[in-house]
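What follows is a set of notes on a single structure, which appears directly below.
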Amino acid sequence: MYKEFKGLNLPEIDKEILQFWKSENIFEKSIDTKDASNPYVFYEGPPSANGMPGIHHVMARTVKDLFCRFHTMLGQRVERKGGWDTHGLPIELSVEKELSITKEDIGKSISVDEYNHKCRETVMRYKKEWDNITEQMGYWVDLDNPYITFENNYIESVWHLLQLLYNKGLLYKGYTIQPYSPAAGTGLSTHELNQPGCYREVTDTSVVAMFKVIKDERAQFLFDDEDEDVRIIAWTTTPWTLPSNTALTVGSKIEYVKIKTINPYTKQAFSAVLANELVNSWFGEKKAEILSKSDVFSGEKLKGISYEQLLPFAQPEDGDAFKVITGDFVTTQDGTGIVHTAPSFGADDMRVARANGIGSLTLVDKQGRFTAEAGEFARRYVKDYKDDPNYVNVDIDIAVKLKQENKAFNVQKFVHNYPHCWRTDKPVLYYPLDSWFIKTTAMKDRMVELNKTINWKPASTGQGRFTNWLENLQDWNLSRSRFWGIPLPVWRTKEADDELCIGSVEELKKKTEQANKALNLQQSVPTDLHRPYIDEVVLYSEKTGKPMYRELDLIDVWFDSGSMPYAQWHYPFENVEKFKANFPADFIAEGVDQTRGWFFTLHAIATMAFDSIAFKNVVSNGLVQDKFGRKMSKRLGNTVEPFETIAKYGADATRWYMISNAQPWDNLKFDIEGIDEVRRKFFGTMYNTYSFFALYANIDGFKYSEARVPVSKRPEIDRWIISKLNSLIVEVFDFYADYEPTNAARAIQDFVDSHLSNWYVRLCRRRFWKGEYTEDKITAYQTLYECMNTIAKLMAPVAPFFADWLYLNLNTVTESENYESVHLATFPEEESSAIDPTLEERMDYAQRISSLILSIRKKEKIRVRQPLLKALLPVLDDRFQKQVEAVQDLIMAEVNVKSFEFVTNTAGVISKTIKANFKTLGKRLGKDMKAAADMISQFDQETIRQIEQQKYYVLNIGDTSYTLEQEDFEIGFNDIPGWQVASDRDLTVALDITLNDDLIAEGTARDLINRIQNIRKTSDLNVTDRIIIKLESNDAVNVAIDKFADYICSETLADSLTTEKEVNGERLELFEDVIIGIEVLPVLSVK
RNA sequence: AGUCCUAUAGCUCAGUUGGUUAGAGCACUGCUCUGAUAAGGCAGGGGUCGGCAGUUCAAGUCUGCCUGGGACUACCA
């Protein structure tokens, strides 16, 4: 017996199927039964178990899961090793918050040892919740043997990679400008700078400083006479960087101009050089006066000009200085189009200075004070870092000095956004710091090239965003001065005259022993490769004979996760073959926010270390937002609790909703009501279809034990739904294979709702419950069964629980397939011979013609139970008529019309309409199109008939004449006089609505049947119970009974039908103003 | 600031290489069908296709600019 249910309960199905998967090890079997030589490689991007899983994780993991399941069904072996990201700042921060300490306390009030232990505990805090959501949402991933980034084996593999890069000369120590908090005494990561509230609006003193041009050959063109005082003017909002100025940067393509004017403070005449576009920002009414203006000249011409140092406190020792250089970052958005360049305090400045051989001055120390060299400003803080009540703004003093020395053209307050340290609330400086870098720039071209071979979904993320990012790549700053992470395996002598990069524990052991011998130490390799233990290891420099100490940096956690293809297998120390078989990945998927994160680090490491891509296909999914399109955040209180959602609506409805509602890469506006709609419309419909099937199949004992009826021998409608089904298989397969899950889900949904349930089943109901267990009935069961069985497989990747439930419900009875679960079954293959486009076309006609007739009935207020004599169909060609004739019976039954008449000779009966076919004519007629369309629409019936007969028409527009073919026109039907007509595109239907006594009686009979059936239903009779009927006598009823008693009885399973003056049963309205009594009594079965 | 995505009915989304009157589902209203139906059918209201230009005989669709929403990167005088 097929299981029958009281209602659809998706959460209950989840539980049941989950239990089944667990007890029968279905997940394991789905891998183990597949051939290892046919793998589909998937990489799991490791989540951090440091926070609770959110609904967006369900989204991301649904995408991952469904493609893995799909490829499993294609017979591929899809191993999915889980993983955990365990290092990094978020974990350190949460520990610090919990212990109420800051970074400064580490090593003081808490030992590094204790601190790292705490991190290790914290990092898996929500592992249980993660495991739960993984299981409940039906995400199949191997959680028993995950890779964990803090394990020694993982670290060792990462070290190996770093050594590989080191040996290729791609690892170097450099001096760069990084965000730095003088108040906290620490560098800040960009992640820290992106904490909410870090960028704040502040008012600073801005200065337009005047840099005096030295008159030499190069600068000659700027001078009109010997004594002219030519100054390049540059704007800054950080006057404290002016003493460290060593260059001025202009844009080579920007146009500049020289303005003769008067300094507003000193009233001295001088000539200002600035961008032509920005002249009006500084000169004009109520601003400085323009005495004269030179011709424009390009920035390129200014290049190489020297100027006098603005505040000559110190001289740079590491390069040239006080020259005009060019840089691509210069804009004319604000300022003067000339950038004051202090290489120590700006990343752009440093970059452009280096490229031009310009040296730097660093007249501010790490506490944020001017150094002793800075003249009268020495030892003063550049910002109020100490909350000193007597703090005097040094920017203002600098501005005053410049004004007095005729070096300031403009001083004013300026409001702008400036980053602040999230911990101390003090402004950040950009400061030169030592860091280790990976020279990704050296491999840039190769990365771009390899990226072209990756299939990105959506393509724009790969071609646009990612390529763009690669092309503007900077070297990868690997250093983090933190505690909980993978230590950089580089040892150096104090003088930096020798260094060593360690690539394995074995190598470290050897080097340690060597050092022990040479330096007379008793150290051993620590059992935990983290800080602080690893810091204690001292190595020996053979070259210099000196001890070497580890560089204290940790590496960026993104390197951790980007190393997972290798480190998850402890490559190359173990599993070398395993790694080779699993690299690169066929498929990865994460949020689009990982484009520059994990997607990049995977790609970069694979390119640099192995000259390979790391993944072939990548799906980057968008954000999950709330129903108003806002970002979900705890602060707004609009987060969706994934556990609750899944518990209430079931995993499948949640998954289906997420996949079908929006493309994965579009942002999803998550609306809980949408899940409910999916449950009702899709799962509800599918459930009802199954219930209907189960109800009658159980009665008839259908178990698919009869031989399969060949499709060609099945009735039209069966061949139609099977054709549709096979078309669907092709479509869904292509969509899944193309990583387009949304289209796949929508196609399945559309099939189930509009075709299977609301056309096939609805039209075929009688075949299931009417009559004996005939060949036709068996065929109907087989057809419906095959549809459902296939749908179960098609939907399995997205809705794994319901699919398995449905599959098992069907197959445990029929045993027609011997798979234990739908997830062990193979994906359906289409039977291409079953696909019949002309059949699909004519059924489409049937559906549309039915709609049109129902529409006329509605307009004329004639209920569908009232039979009508005939419908009239004007036909354009034979093919159309043949198509409709084939489905005529279906239409007649559906709309309760007794016959069809095709009208071919329409002259005089039907008027036609004509329109221009814009598609074919537009290109030919061009400008005359509009006139032609007007003329054609005016054609009379005679002209139309002429065109139909002659198959061409000569149209004259102005002096041109065009010969138009029949295809250049679109001919349709207009009204048919005296008939009720409805049209839909190329279809037109007319309906004869005259009634006679027979028709009326039959209509009455059908109404009676309906009322009786309703009574059967409400009085809870079984569908097989037989009844006797007593009707209250009534003229209309009597006529109907006279003619249709047998019909009524057979439809309602009645043994007898009698009329009486009065009956005990219900009183029902048969039609308007006619109320009769109907009594329905079950016939008790006699044993 | 740059790069990218996005904007179509109250809501969620379709809309082919530009082509005639821009569609579906949900929600709302009325009617209707039904011995599978928390369903279906028919009809109705609801759209300056974000705005402005341009290309074209023809623009929801192509181009440019602008605006709103989002993501990432950067923070720059």
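Throughout, protein chains are lettered first and strands after them, A, B, ... in sequence-line order, and every chain is numbered starting at 1.
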Test item: R765(A) side-chain N/O and R762(A) main-chain N/O as donor-acceptor pair under 3.5 Å: yes
Once you apply a heavy-atom cut-off of 4.0 Å, does A916(A) come out as touching a base, just sugar-phosphate, or nothing? base
From CD1 of I325(A) over to C1' of C76(B), roughly how many Å is that when rounded to an integer? 14 Å
Using the P atom as the reference point in each nucleotide, state the distance between A7(B) and G60(B) in Å, no decimals. 15 Å
Between Y690(A) and F5(A), what is the ring plane arrangement, given parallel below 30°, perpendicular above 60°, and tilted in between? tilted
When you compare U48(B) with A27(B), how far apart are their P atoms, in angstrom units rounded to a whole number? 24 Å
Counting any heavy atom closer than 4.0 Å, what does T341(A) reach on the DNA or RNA strands: base, sugar-phosphate only, or nothing? nothing
Strictly under 4.0 angstrom, non-hydrogen atoms only: write out the protein contact profile of nucleotides 23-31 of chain B, one letter per nucleotide from the 5' end, B, S or -. --SSS--BS
In whole Å, measure the gap between the P atoms of U16(B) and G44(B) for me. 26 Å
Considering only heavy side-chain atoms of Y696(A), the closest of G19(B), A14(B), A36(B) is A36(B)
With a 4.0 Å cut-off on heavy atoms, is G346(A) in touch with a base, just the backbone sugar-phosphate, or nothing at all? nothing
Which whole number of Å gives the distance between the P atom of A59(B) and that of G41(B)? 35 Å
Span that lies between the C1' atom of G54(B) and that of U61(B), in whole angstrom: 15 Å
Please name all residues satisfying ring pair (Phe, Tyr, Trp, His ring centres under 6.0 Å) with Y256(A), sequence neighbours left out, ordered by chain then number. none
Where the side chain of R765(A) is concerned, which of A36(B), A14(B), C57(B) is the nearest nucleotide? A36(B)
Which of F670(A), F682(A), Y649(A) passes ring-ring contact (aromatic ring centres under 6.0 Å, His included) with Y657(A)? It is F670(A)
Check RNA chain B for consecutive Watson-Crick or G-U pairs with both distances under 3.5 Å and list the runs of at least three as stems. B:1-7 with B:67-73, B:10-13 with B:23-26, B:28-32 with B:40-44, B:50-54 with B:62-66
Rounded to whole Å, how long is the line connecting atom CG of N621(A) with atom P of C72(B)? 13 Å
Where the side chain of Y430(A) is defined as all heavy atoms beyond and including C-beta, which of C76(B), U6(B), U12(B) is the nearest nucleotide? C76(B)
The salt bridge (charged side-chain N to carboxylate O under 4.0 Å, His left out) partners of E740(A) (sequence neighbours excluded) come to K457(A)
In whole angstrom, what separates F682(A)'s CZ from G40(B)'s P? 15 Å
Nearest whole Å is fine: how far is A59(B) P from F918(A) CZ? 11 Å
Euclidean distance for P, C57(B) against A14(B) (whole angstrom): 32 Å
For F692(A) and for Q663(A), locate the closest nucleotide of RNA chain B by heavy-atom distance; then report the residue assigned to the nucleotide nearer the 5' terminus. Q663(A)
How long is the line joining CG of D349(A) and C1' of A74(B), in whole Å? 14 Å
Checking W598(A) now: which residues fulfil ring pair (Phe, Tyr, Trp, His ring centres under 6.0 Å) with it, not counting sequence neighbours? none
With P as the reference atom in both, quote the distance from G40(B) to C26(B) in angstrom, rounded to an integer. 5 Å
Whole angstrom is fine here: how far is it from NE2 in H56(A) over to P in A71(B)? 13 Å
Residues that F409(A) engages under ring pair (Phe, Tyr, Trp, His ring centres under 6.0 Å), provided they are two or more places apart: F270(A), F283(A)
Could you measure between the two C1' atoms, the one in G47(B) and the one in U73(B), and give it in whole Å? 38 Å
Residue closer to the 5' end of RNA chain B, L695(A) versus W665(A) (nearest nucleotide): W665(A)
Using whole Å, report how far CG of D753(A) lies from C1' of U37(B). 11 Å
Without decimals, in angstroms, what is the distance between D666(A) CG and C5(B) C1'? 8 Å
Scan T237(A) against the nucleic acid and name what it touches under 4.0 Å (heavy atoms): base, sugar-phosphate only, or nothing. sugar-phosphate
Not counting sequence neighbours, which residues clear salt bridge (charged side-chain N to carboxylate O under 4.0 Å, His left out) with D475(A)? List them please. none
If a pair satisfies salt bridge (charged side-chain N to carboxylate O under 4.0 Å, His left out) and one of its residues is in residues 749-758 of chain A, list it, with sequence neighbours excluded. K681(A)-D753(A)
Indicate, with a heavy-atom threshold strictly under 4.0 Å, whether T689(A) touches base, sugar-phosphate, or nothing. base
With sequence neighbours left out, the residues meeting ring pair (Phe, Tyr, Trp, His ring centres under 6.0 Å) with F969(A) are none
Between W558(A) and F600(A) (judged by ring centroids, cut-off 6.0 Å), do the two rings come close enough to count as a pair? no
